[in-house]
Amino acid sequence: MIAPVDITGVRLETERLILRPWTMDDLEDFYEYASIEGLGQMAGWLPHKSIADSKAILDMFIRSRRVFAIELKETGKVIGSLGIEEPDPDPEPEMLGREIGYVLHRDYWGRELMPEAVKAAICWCFDTLGYDFLTCSHFDWNSRSRRVIEKTGFRYFSTSPFTTQYGKVETSMNYILYKEDGR
């Protein structure tokens, strides 16, 4: 069952990161990483061509109240996003759950920042929201996302086709983490 989510007023802190709701003040940082060729395609969307593209998506993030900005504490710069989305596919229709999706600015890869962010979101979803499970997916060729998923305790449960926002069909590797296993 698709669980409710609302990140309004939520602030999750880790050693190096703050996960918080987006604001329009984040537009420049968002455009900086969302316009990088090859980055969005790893999550199924095309790079933003203009700041207006980023503003439209940022408006959607703010209205949806389900996508965190990932802020680097030491600089205050937003370097990525983490969404608490509807699971696709939904592996447990009788249980409460959501899917975690994420993207990180390429300049910050290889520093273990995304596993740190995902672990904070997992704890919040299980401990505060009372979810029974979370899912996470990656395209079969995206080894970086696969490593984040494995480092955060998810277990493989299926493979399925996924149609990107630009119409390409990719092979999605789907993983699940149950509340009792997420400790």
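Annotation: ring pair (Phe, Tyr, Trp, His ring centres under 6.0 Å) contacts of Tyr175 (sequence neighbours excluded): His138, Tyr156. Taking the side-chain hydrogen bond (donor to acceptor under 3.5 Å, both in side chains) definition, one finds that Glu85 meets it with Arg66, sequence neighbours left out. Glu71 pairs by the side-chain hydrogen bond (donor to acceptor under 3.5 Å, both in side chains) definition with Arg20, not counting sequence neighbours. Scored by the side chain to side chain contact (heavy atoms under 4.5 Å, CB included) test, Glu13 finds Arg11, Ile18, Lys73 as partners (sequence neighbours excluded). Scanning for side-chain hydrogen bond (donor to acceptor under 3.5 Å, both in side chains) contacts around Thr152 gives an empty result, with sequence neighbours left out.
Taking both residues in full, the closest heavy atoms of Leu82 and Ala121 are given as CD2-CB, 3.7 Å, listed atom of the first, atom of the second, then distance. For Pro161 against Val169, the heavy-atom pair with the smallest separation is CB-CG1, 3.9 Å. Here the closest heavy-atom approach between residue Ile149 and residue Cys136 is recorded as CG1-SG, 3.6 Å. Looking at every heavy atom in both residues, Met24 comes nearest to Leu58 through SD-CD2, 3.8 Å. Contact detail for Val67 and Trp22: the closest heavy-atom pair is O-CD1, 3.2 Å. The shortest heavy-atom contact between Phe162 and Ser172 is CB-CB, 4.0 Å.
Between Asp181 atom CG and Ile122 atom CD1 the span is 11.0 Å, to the nearest 0.5 Å. In this structure, CD1 on Ile100 lies 12.5 Å from NZ on Lys119, to the nearest 0.5 angstrom. Taken to the nearest 0.5 Å, the CG atom of Asp90 stands 9.0 Å off from the CD atom of Glu86. Expressed to the nearest 0.5 Å, how far CD1 of Ile62 lies from NZ of Lys55 amounts to 8.0 Å. Taking CG from Leu19 and OG1 from Thr14, the interatomic distance works out to 7.0 Å, rounded to the nearest 0.5 Å. Distance OG/Ser137 to CD1/Ile176: 10.0 Å, rounded to 0.5 Å.
No side-chain heavy atom of Tyr131 sits under 4.5 Å from any side-chain heavy atom of Leu177. Between Cys125 and Thr128 there is no side-chain heavy-atom pair separated by less than 4.5 Å. Using a 4.5 Å heavy-atom threshold, the side chains of Pro21 and Arg65 count as separate. When side chains are defined from C-beta on, Leu12 counts as touching Val10, because their heavy atoms get closer than 4.5 Å. No side-chain heavy atom of Glu99 sits under 4.5 Å from any side-chain heavy atom of Ile84. Contact of the Arg144 side chain with the Met114 side chain is not registered, since no non-hydrogen atoms from C-beta on lie closer than 4.5 Å. In this structure the side chain of Glu28 reaches within 4.5 angstrom of the side chain of Ile51, judged on heavy atoms. Residues Phe157 and Thr135 are in side-chain contact: their nearest non-hydrogen atoms beyond the backbone lie under 4.5 Å apart.
Panel note: side chain Tyr102, backbone Ser145; a donor-acceptor pair is recorded below 3.5 Å. Using modelled atom types, one side-chain atom of Trp109 and one backbone atom of Leu104 make a donor-acceptor pair closer than 3.5 Å. Looking at Lys77, its side chain never comes within 3.5 Å of a backbone N or O of Leu72 through a donor-acceptor pair. A distance-only check finds a donor-acceptor pair linking the side chain of Asp26 to the backbone of Thr23 [under 3.5 Å].
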Open item on the list: Please determine whether side chain to side chain contact (heavy atoms under 4.5 Å, CB included) holds for the pair Ile70 and Ser81, giving the CA-CA distance in whole Å, both sets of side-chain angles, and the decisive distance to 0.1 Å.
Closed with: CA-CA 5 Å; Ile70 301 173; Ser81 64; 5.5 Å; no
TODO: Could you go through the side chain to side chain contact (heavy atoms under 4.5 Å, CB included) check for Val5 and Trp124 one step at a time?
DONE: CA-CA 11 Å; Val5 66; Trp124 181 69; 4.1 Å; yes
- [ ] Could you walk me through whether Ile79 and Asp29 pass the side chain to side chain contact (heavy atoms under 4.5 Å, CB included) test, one step at a time?
- [x] CA-CA 7 Å; Ile79 59 170; Asp29 290 347; over 6 Å; no
Open item on the list: If you apply the rule side chain to side chain contact (heavy atoms under 4.5 Å, CB included), what do you find for Met173 with Arg146, and how did you get there?
Closed with: CA-CA 9 Å; Met173 310 300 288; Arg146 178 182 44 82; over 6 Å; no
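The salt bridge (Lys or Arg N to Asp or Glu O under 4.0 Å) analysis of residues 130-140, with sequence neighbours excluded, yields no pairs.
In summary, Glu116 and Arg16 engage in a salt bridge, as defined by a charged side-chain N under 4.0 Å from a carboxylate O.
A donor and an acceptor atom, one from each side chain of Thr159 and Asn174, are nowhere located under 3.5 Å apart.
No single ILVMFWY cluster, assembled from side-chain heavy atoms under 4.5 Å apart, contains both Ile2 and Phe133.
Using a 30° and 60° split on the angle between ring planes, Phe30 and Tyr33 fall in the perpendicular class, above 60°.
Aromatic ring centres of Phe68 and Phe61 lie farther apart than the 6.0 Å criterion allows.
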